Amino acid sequence: MQRQHRLGAAARISEVHRRGRSVANGLLVMRVLPNGLDRSRFCFVTGKRVGKAVVRNRVKRRLREVVRNSAPAPGWDTVLIARKGAGDADFKQLERAVHNLIRRTRLNAPPAPAEGQDGMRDAAK
RNA sequence: CGGACCGGCCGGGUGGCCGCCGCGAGCGAUGGUCAGAAACGGCUAUUGCCUCGGGGAGGAAAGUCCGGGCUCCACCGGACGGGGUGCUGGGUAACGCCCAGGCUCCGGCGCGGGUAACCGGGCCGGGGACGGAAAGUGGCACAGAAACAUACCGCCGGCCCGUUUCUGGCGAGCCGGCAAGGGUGAAAUCGGACGGUAAGAGCGUCCGGCCGCGUGUGGCGACGCACCGGCGGCCAAACCCCACCUGGAGCAAGGCCAAAUAGAGGGACCAUGGGUGUCCGGCCCGUCCCCGGGUUGGCCGCUUGACCUCAGCGGUAACGCUGGGGCUAGAUAGAUGGUCACCAUCCGCUUCAUGCGGAUACAGAACCCGGCUUACAGGCCGUUCGGCGUU
RNA sequence: CGGGGUGUAGCGCAGUGGCUAGCGCGCCACGUUCGGGACGUGGAGGUCGGUGGUUCGAAUCCACUCACCCCGA
């Protein structure tokens with residue numbers, strides 16, 4: 001995942017976390033918010049309850065790989081939070097979980113124009 | 001051949017496909033600049049769903065228990081205080097680490113002395129926070145007479161009384177001597193034997209133990225040996241004393257750029273500097289601390305270092321010196337991966353071979369090193385010890 | 001990166017190196033009541049987070065270690 005697809009700024013992350021739509025299943029929580037850009041950005045959160053450092057890194061790497069292969073539509077900022085069981089799940093299980101969330105958030109389509117107004121301010125940067 | 005202890009080393013491999021982060025080169029784009037009439041171009045900076053080459057986690061990267069380098073702040077020097085270390089010598093940038101040695105404790109083997117209890121030294125292996133208890137303060141529960149200056153039961157001598165009468169025995173009391181025996185305890189004035197004595201005692205002798213800022217001697221030293229003198233404990237991981245070390249903070253150190261906001265805010269001006277042409281005065285800047293507000297973007301620091309490796313030399317060793325060769329991660333919410341196939345190892349089931357299924361430890365760099373500690377599937381090498389088999 | 005704290009019965013906490021480690025709530029049994037609560041009496045329940053050391057003796061002192069919590073930049 002290249003740098004331009006990363007979501008780094010802490011303020012923007014908490015904005016997505018606060019105002020974005022939220023969808024979850026047993027392994028993951030996903031929050032999305034339109035960003036008004038021609039690309040999508042992602043942020044992966046693996047808290048301490050997921051496991052030790054090795055496990056947390058592995059989960060993040062697998063999630064990045066899944067998102068890369070899923071080729072979602074541009075225009076979204078996404079925060080993907082791993083839940084407690086994600087450390088024990090294998091790659092296939094995580095893949096199914098992410099695809100499930102993408103379908104439910106309609107992330108494979110660009111945001112509707114009315115909805116897209118929301119992130120324009122931030123996108124000016 | 002298999003086992004135990006100790007020490008050292010390694011810690012999955014190969015190949016597809018799809019990715020990520022640095023570095024170098026090429027190509028393209030954009031900006032600046034140079035030369036030129038212009039085109040073509042040179043240099044430089046930035047950049048890329050671009051192409052190629054090459055690199056990309058550990059022995060513990062971990063815990064953060066010590067020690068340094070580096071950076072900023074403070075600083076005339078010293079003392080006190082605080083903290084740390086604690087046998088000796090060496091190694092090192094330094095250490096609470098490492099090496100060698102001393103002493104001491106434990107285990108094993110065999111030896112000597114002694115009637116015995118027991119004691120001594122030798123070899124091999126392992127452990128030790130191992131300065132001072134004759135500077136002072138304090139503590140040692142319960143038990144016990146007594147836990148630091150003590151005598152309960154006792155033993156012995158003298159006096160006196162009673163009883164019996166054999167100059168003696170038994171019993172009670174008083175005065176004095178003793179610390180051997182009993183008993184208590186974790187610990188009771190050095191242990192054992194003999195002599196000695198009224199009874200006794202290191203009072204003396206022998207075999208040992210321990211202490212000494214006593215003498216000699218060997219050793220750089222811890223300390224050893226011999227002689228001499230002596231023999232009331234234990235605790236300093238209790239306070240303490242002694243010797244040595246020690247300024248504070250940490251890469252979010254620290255510096256630069258950009259953006260943004262709000263400072264006529266409060267305090268200190270000791271020292272220093274600038275402007276007003278010069279000197280004095282005045283004025284304006286300025287410096288430091290606190291409070292309030294803004295920014296939480298980019299670059300440097302950032303990886304060539306007490307580095308790795310090979311050879312020679314010095315040293316018992318830790319390690320050092322000299323010479324040759326090598327460059328080996330630099331991310332910034334954090335890259336070093338995902339998946340498939342085959343092999344390797346282990347486990348389970350099945351089996352003539354074999355096949356099937358599962359698992360592959362501990363664990364993820366964040367400024368960098370030297371140690372310590374802790375976690376760890378499996379494998380390799382070496383020393384010592386004893387076992388089995390064969391010659 | 002730096003600093004601090006906690007761990008003792010099911011829960012919340014005490015505990016000058018020395019007797020069988022205590023207190024409150026809870027739990028169990030019995031009494032009381034028609035029954036329950038309250039009350040009374042009795043009782044059970046502890047590797048003192050772990051390992052090692054100092055000491056005659058350790059929950060307490062020391063070292064290492066594990067888990068959790070808090071604070072600062």
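Naming convention: chains lettered A, B, ... in sequence-line order (proteins, then strands); numbering from 1 in each chain. Since we're looking at a predicted model, the values are computed, not measured.
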- Closest non-hydrogen atom pair, A:Arg104 against A:Asn25: NH1-CB, 4.2 Å

- Query: For the pair made of CD in A:Glu65 and P in B:G338, what is the distance, rounded to whole Å?
  - Reply: 8 Å

- If the P atom of B:G101 is compared with that of B:A318, how far apart are they to the nearest Å? 13 Å

- Expressed in angstrom and rounded to an integer, what is the separation of A:Arg68 atom CZ from B:C21 atom P? 11 Å

- Note on the structure: Pairing partner of B:U322, by Watson-Crick or G-U wobble and under 3.5 Å for both distances, is B:A311

- Message: Using atom C1' in both nucleotides, what's the gap between B:A344 and B:A365 to the nearest angstrom?
- Response: 30 Å

- Strand partner of B:G173, provided both Watson-Crick or wobble distances fall under 3.5 Å: B:C159

- Message: Is there a side-chain contact between A:Asp77 and A:Phe42 in this structure, where contact means two heavy atoms from C-beta onward sitting under 4.5 Å apart?
- Response: no

- Query: Less than 4.0 Å between a side-chain N and a carboxylate O, is that true for A:Glu65 and A:Arg68?
  - Reply: yes

- Query: Should B:C388 form a Watson-Crick or G-U wobble pair with both distances under 3.5 Å, which nucleotide is its partner?
  - Reply: none

- C:C39 pairs with which nucleotide, Watson-Crick or G-U wobble, both distances below 3.5 Å? C:G31

- Item | Derivation of the side chain to side chain contact (heavy atoms under 4.5 Å, CB included) call for A:Val45 and A:Leu80 | CA-CA 6 Å; A:Val45 178; A:Leu80 203 56; over 6 Å; no

- Task: Can you tell me the pairing partner of B:A149 across any strand shown, Watson-Crick or G-U wobble, with both distances under 3.5 angstrom?
- Result: none

- Gap between atoms CG and P, on A:Asn57 and B:A62 respectively (whole Å): 13 Å

- Message: Checking one value: the base orientation of B:G297, syn if chi is within 90 degrees of 0, otherwise anti.
- Response: anti

- Message: Using Watson-Crick or G-U wobble geometry with both distances under 3.5 Å, which nucleotide pairs with B:G263?
- Response: B:C291

- Taking atom P in both B:C308 and B:G218, compute the distance separating them and give it to the nearest angstrom. 47 Å

- Item | Nearest-nucleotide 5' precedence on RNA chain B, A:Arg58 against A:Ala53 | A:Arg58

- Query: Does B:G337 pair with anything, Watson-Crick or G-U wobble, both distances under 3.5 Å, and if so, with which nucleotide?
  - Reply: B:C18

- Task: Take atom CG of A:Leu63 and atom C1' of B:G334, then tell me their distance rounded to the nearest Å.
- Result: 15 Å

- With a 4.5 Å limit on heavy-atom distance, are the side chains of A:Leu27 and A:Val98 in contact? no

- Report yes if a side-chain nitrogen or oxygen of A:Arg64 is closer than 4.0 Å to either non-bridging phosphate oxygen (OP1 or OP2) of B:G334; otherwise report no. yes

- Message: My understanding is that a pair needs two contacts under 3.5 Å, Watson-Crick or G-U wobble. By that rule, which nucleotide pairs with B:G138?
- Response: B:C235

- Kindly say if A:Arg56 contacts the phosphate of B:A333, meaning a side-chain N or O under 4.0 Å from OP1 or OP2. no

- Item | C:A63 and B:G128, which share atom name C1', separated by this distance in whole Å | 14 Å

- Are A:Lys52 and B:A363 close enough that a side-chain N or O sits under 4.0 Å from OP1 or OP2? yes

- Query: Expressed in whole Å, how much space separates the P atoms belonging to B:A317 and B:U92?
  - Reply: 15 Å

